[in-house]
Amino acid sequence: MTDNSAIDTVSIAKRRAPILIFIFLIWALAICLRLFQVMVINRDTYLEQMAASSWCQDTIPAIRGRILDKTGHPLAWSTRHFKLLWDTPPDTERCYRELKLIRETLPISTSALPATLQGKNLITLVRDLHPTDFKTASELASALKSVKISSFFIRHRVSDPRLQKRLGDVVLRNGTEVGVSGAELEHDSLLRGRPGVFKVMLSPRGNWLPQTWQQIRPVKAGYDVYLPLRFVPAPASEAVSP
Amino acid sequence: MKARAWQIFNFLRRGITPAGILCIMLGILGCVAIYNATFHLPHPFKYVTKQLIWLGPAFLVLITTSATPPRVHKSWGLYISGFLYLTLWAVLVLGVRVNGMRGWFAWHGIFMQPSELGKPAFVLLLAVLIAKLRQQQFTLLHEFLGCLAFLGAWVLPIALQPDFGTLMVYIFAFAATYVCTGGRIRYLMAGAVGALPLIGLSIMIKPYIFDRICAFLHPSDHLNDAAWHIRQFQVTLASGGLFGRSWGGGVWTQNYLPFGYSDSVFATVGEAIGFVGLMPFIVFILAYVLYAYRRIQHTTGEVRILVIYGAVFMLTGQAFFHLSVNLGIFPPTGLPLPLISYGGSSLVATLALVGLVESMSRIDNY
């Protein structure tokens, strides 16, 4: 083929122009088919993989109900508190880098930390976060994946030892207060409440994405239980009368 | 003075064509897509503002290139192309490194990528070279070797950056233009076989290329490293479904998909507007191919037709490569989607190519 002349090039180029359309038509078809496969046919599969890797489901513990006397005076009640935990990284250099940032952000006392960080996994940095420190602690938890804020309950009771025996004890199981003796055990099903369930998307760093938080089941606080007794608090000693 | 101004105005007015206006509108849509991918960032208007600023000079380049007669492109255009070729080498020394690639000149926050700006220059020079070789009555083999040498000289600095995505687009545009305008396919195949040792050498020097190819072929075995980006593309698109999550509603785009405003913009837009919303993009690309086909049928002149072929293959090839990467039917590589992705140099180069097509396909020989 002696096609080195200008005329030949033009005629060949015009003759072969349909190749141009053919190449891109085939390519576009492959793209459309693949697009349909990903976005429609296999969509659920990809979303399941997405959910498994990026969504987190957890519970919101319910606050335990109060135990009251027949006049409504509290005999046992719970309060929610928050503590700051640090899951120390295995890498020593990173560990001390994070510790430096933690110390710069929050007033952590030296006594809160063990003598050596090596071998320690979960350290409680602050046992009871003050409300004024909560925002700072949240920002620290967002910045460092290893820092977590965890809630816990403290069960308070009146100080009368006879009444305490009657009220009974509670223990923490999976973040929930469970009655193990006395009135706490007897009325546990009413007092315990029902934990809520939520799901939230995690960023690639494991942080919550607040705009994706969804409540799946609302939390239901425990019922208050009235005991058939009357509590009379006295200045010197607390007296109980039926 | 007034007459001169009027002359310039009339000259530029010739450069405003329906195809050009449509491309500018797509450029504006690109700004919407960029904002959709970046509004959740600490500086939400950073990227979209820069892109909007670049639209101005890009529009000027479009109408100037479109209005310029082909004979001026063949003369002055060659000098400009030669200068742009020199910048490809200069960036290896004077450029800045971004994401492992030394491919940008930076000056007071303004970044320019010579490998993008060089695309219209490459198309023009290739067209003139092929035309000259054929006029000189070289044999087909010598013509091919000459074109191959030109390709090699042009893409070598790009490979050294390294920017293998752009390299691929150049090679595709070259191969397709060469074949469609009378070249021998068997010479091309021989050239591809001859390039295998170079590919092997590249993989030895840059092992991440091999990792990416392996991740593409076996994504489930590389989910935590090289195939991670591939998985994010797929999940982002799947998240959009049939009708999308609406603009600004892309959860995966905002939190997991990297480079949602540039290399992953197709997936980003897909999450926003869904499968149904993406179809017009593909239809538009095919419509442009059809438009170019009609222009080729009505154009005379060897260089003109060669330029139109080169420009169309460069533009639409890059667009389809971008789509293919986002869909996982091509190994992952960083390629912007013309007119839509963030990137001033890409915007200018794309509109320059569109302008070249308009200029070369103009019927009046002024």
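Bear in mind that the values here come from a model prediction, so they are computed numbers and not experimental data. Residue numbering restarts at 1 for every chain, and letters A, B, ... go by the order of the sequence lines. Computation of the quantities below employed the complete heavy-atom set of this structure, encompassing side-chain atoms and omitting hydrogens, waters and symmetry-equivalent molecules.
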**Request:** Could you pull out the closest heavy-atom pair between B/Q297 and A/A17, with the gap in Å?
**Result:** NE2-CB, 3.4 Å

**Asked** Out of curiosity, B/H298 NE2 to A/K14 NZ, how far, rounded to the nearest 0.5 Å?
**Response** 8.0 Å

**Request:** Could you tell me the separation between the CZ atom of A/F24 and the OH atom of B/Y288, rounded to the nearest 0.5 Å?
**Result:** 11.0 Å

**Message:** Just checking B/I185: does its CD1 atom have more than 12 heavy atoms from other residues, nucleotides or ligands closer to it than 6.0 angstrom?
**Reply:** no

**Prompt:** Are the aromatic ring centres of A/Y46 and B/F233 under 6.0 angstrom apart?
**Reply:** no

**side chain to side chain donor-acceptor pair (under 3.5 Å) partners of B/Q232, counting only residues at least two apart** = B/W252

**Item:** Donor-acceptor contact below 3.5 Å, side chain A/R16 vs main chain B/T181
**Value:** no

**Request:** Could you tell me whether a side-chain N or O of A/R34 sits under 3.5 Å from a main-chain N or O of B/G328, the two making a donor and an acceptor?
**Result:** no

**Item:** Candidate pair B/Y256 and A/M201, rule side-chain contact (heavy atoms from CB on, under 4.5 Å), full reasoning
**Value:** CA-CA 11 Å; B/Y256 279 81; A/M201 195 169 171; 3.7 Å; yes

**Under 4.5 Å from any heavy atom of chain A - which part of B/T299** = backbone

**Request:** Assess whether atom CD of A/E104 is packed by more than 12 heavy atoms of other residues, nucleotides or ligands within 6.0 Å.
**Result:** yes

**Complete:** Okay, B/L286 and chain A: the region with an atom under 4.5 Å from a heavy atom over there is side chain

**Request:** Please round to the nearest 0.5 Å and tell me the distance separating atom OG of A/S203 and atom CD of B/Q254.
**Result:** 12.5 Å

**Request:** Tell me, please, which residues at least two apart from A/F152 pass ring pair (Phe, Tyr, Trp, His ring centres under 6.0 Å).
**Result:** A/H81

**Message:** Is a donor from one side chain sitting under 3.5 angstrom from an acceptor on the other, for B/T316 and A/W27?
**Reply:** no

**Message:** So which atom in B/F275 and which in A/C32 form the shortest heavy-atom distance, rounded to 0.1 Å?
**Reply:** CE1-O, 4.0 Å

**Prompt:** What do you reckon, is CZ of A/F198 surrounded by more than 12 foreign heavy atoms closer than 6.0 Å?
**Reply:** yes

**Request:** Flag yes if more than 12 heavy atoms outside A/R173 fall under 6.0 Å of its CZ atom; otherwise flag no.
**Result:** no

**Item:** Interatomic spacing from OG in B/S239 to CZ in A/R43 - rounded to 0.5 Å
**Value:** 6.5 Å

**Nearest non-hydrogen partners of B/I305 and A/A13, listed with the distance** = CG2-CB, 3.4 Å

**Complete:** Whatever's closer than 4.5 Å to a heavy atom in chain A on B/L237 counts as both

**Asked** Considering only heavy atoms, which portion of A/V38 lies under 4.5 Å from any heavy atom of chain B: side chain, backbone, both, or neither?
**Response** both

**Prompt:** At a heavy-atom separation under 4.5 Å, does A/T45 approach chain B through its side chain, its backbone, both, or neither?
**Reply:** neither

**Contact origin within B/I308 toward chain A - heavy atom pairs under 4.5 Å** = neither

**Request:** Could you give me the CA-CA distance, side-chain angles and deciding distance for A/Q49 and B/R231, then say whether side-chain contact (heavy atoms from CB on, under 4.5 Å) is met?
**Result:** CA-CA 10 Å; A/Q49 289 168 1; B/R231 175 53 56 88; 3.0 Å; yes

**Prompt:** Atom CD1 in A/I21, atom CD1 in B/I296: separation rounded to 0.5 Å?
**Reply:** 8.5 Å

**Prompt:** Where does A/I23 contact chain B at under 4.5 Å (heavy atoms): side chain, backbone, both or neither?
**Reply:** side chain

**Message:** I'd like to know which of A/L47, A/I31, A/T212 tops the heavy-atom pair count under 4.5 Å against chain B.
**Reply:** A/I31

**Message:** Is it the case that over 12 heavy atoms from other parts of the model lie below 6.0 angstrom from the CZ atom of A/R217?
**Reply:** yes

**Request:** State, to 0.1 Å, how close A/L20 and B/F313 come at their nearest heavy-atom pair, and which atoms those are.
**Result:** CD1-CZ, 3.2 Å

**Fill in**
Bottom line for B/F320: the part with an atom under 4.5 Å from chain A's heavy atoms is both

**Verdict with reasoning, B/M279 to A/L35, per side-chain contact (heavy atoms from CB on, under 4.5 Å)** = CA-CA 10 Å; B/M279 284 298 104; A/L35 203 57; 3.5 Å; yes

**Message:** Does any backbone or side-chain atom of A/Q37 lie under 4.5 Å from a heavy atom of chain B? Answer side chain, backbone, both or neither.
**Reply:** neither

**Message:** Quick check on B/F39: does its CZ atom have over 12 non-hydrogen neighbours (other residues, nucleotides or ligands) under 6.0 Å away?
**Reply:** yes

**Asked** With distance as the sole test, does B/R134 use its side chain to make a donor-acceptor pair with the main-chain N or O of A/T9 at under 3.5 Å?
**Response** no

**Asked** Is it the backbone or the side chain of B/F330 that comes under 4.5 Å from a heavy atom of chain A, or both, or neither?
**Response** neither

**Item:** Segment of B/I282 engaging chain A (4.5 angstrom heavy-atom cut-off)
**Value:** side chain

